[in-house]
Amino acid sequence: MLKGRHLIEPGDLSIGELDDIMNLAARMIGEPERYLEVCRGKILATLFFEPSTRTRLSFEAAMLRLGGQTLGFAEPNASSASKGESLADTIRTVSSYADVIAMRNPKEGAALLASQHSDVPIINAGDGGHHHPTQTLTDLLTIREIKGKVGGLTIGLCGDLKFGRTVHSLAKAMSRYPGNRFVLISPPELEIPDYILSRVFKPAGVRFSQVRRLEEAIGDLDILYMTRVQKERFFNEQDYVRLKDSYILDSKKMELAPEDLCVLHPLPRVNEIATEVDSDPRAAYFRQVKYGMYARMALIARLTGYAGEMAAPDLKSGSGEVPAGAPVSLRRKGKKK
Ligand code: CP
């Protein structure tokens, strides 16, 4: 049961729980009107100590669509943190008002600290370069809705693989499903941290290769996950300026890609995907934004005690295939992908 639990990193969820959240999210996409009362009388607090558009607003939209209410702040200067109040005291206070808290904080480990001082579930909405588990839920749901499975795929991760927390979380999550292979596309300075290779890929027997040029890899991919160079994590401006345009996905490069490639990006983007790609049917990053709201709806519902439509025990197998009878919502409804 997820009721009352914290979500600090994607590994806090078993494969069965991930599948359950994705199944519930898919049902919510298909029949949103069925879930309008699920959180009636409940309150979500969104505490954002760092900027956000999608994560904060999709959390708030998710709670409102479940019939609940929201409160919170969008920047630390709007809270007593600006007067020196500790995170522990802030969390103790807010957990007296809300039933669930979504928090983004620039400090790695802040969500874990918050969970140690909260009487209600803490959802990590991003802690520095560390974790962003609801982006991972979003990414998994998007991949499953579009590809019909989350295993047996070749996934290209492109751009800032060093600082991109969404990349680290997705690499870990997709390594738990069988048959996935990674192509890591980055400049030498922005390679994925060694621990992902040595402590995640290698023990799980995950195949991977490292390349420098997107053109070399794009033709072999099922998923291309583009990322922004994380300016806010650089220590010096010169390095950022030198590396920021390492990869730009444009229509010319898309000509080299398979017909069924799925292009994802956690957003915000800067220059790494030319806007001309947006109208390509393989560009799925704005659908991904919408799936993020449904993934968060399903998560909030479970953490606050909604027990309807729980996953059957056989979903714990983690085969990476969508189980028979499980909804892949938009495809099932025959909408254009
Ligand atoms: N993907 C993501 O976390 O976007 P925001 O920073 O806008 O929340």
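We count ligands from 1, going down the list as the structure has it; atoms in each ligand are counted the same way.
Looking at ligand 1, you won't find any N or O of P268 less than 3.5 Å from one of its N or O atoms. In terms of polar-atom proximity, defined here as any N/O pair under 3.5 Å, P51 makes no such contact with ligand 1. Considering backbone and side-chain atoms together, R56 places no N or O closer than 3.5 Å to any N or O of ligand 1.
Summarising the local packing, NZ of K290 is surrounded by 12 or fewer heavy atoms from other residues, nucleotides or ligands at distances under 6.0 Å.
Protein heavy atom closest to atom 4 (O) of ligand 1, with residue, atom name and distance, is R54 NE, 3.1 Å. The closest protein non-hydrogen atom to atom 6 (O) of ligand 1 is R104 NH1, 3.0 Å. The protein heavy atom nearest to atom 7 (O) of ligand 1 is T53 N, 2.8 Å.
Atom numbering of ligand 1 starts at 1 in the shown order; those under 4.0 Å from a heavy atom of L267 are 1 (N), 2 (C), 4 (O). Less than 4.0 angstrom separates some heavy atom of T55 from each of these atoms of ligand 1: 2 (C), 3 (O), 4 (O), 5 (P), 8 (O).
Salt bridge status for R34 with E31: present, with a side-chain N to carboxylate O gap under 4.0 Å.
Screening residues 91-106 for salt bridge (Lys or Arg N to Asp or Glu O under 4.0 Å), with sequence neighbours left out, gives D89-R92.
A search for ring-ring contact (aromatic ring centres under 6.0 Å, His included) contacts involving Y247 returns nothing, not counting sequence neighbours.
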Evaluate ring-ring contact (aromatic ring centres under 6.0 Å, His included) for F73 paired with F48, printing each intermediate quantity in order.
-> CA-CA 6 Å; F73 51 83; F48 277 65; 8.7 Å; no
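Screening V150, I143, L153 against Y177 for a side chain to side chain contact (heavy atoms under 4.5 Å, CB included) leaves a single residue, V150.
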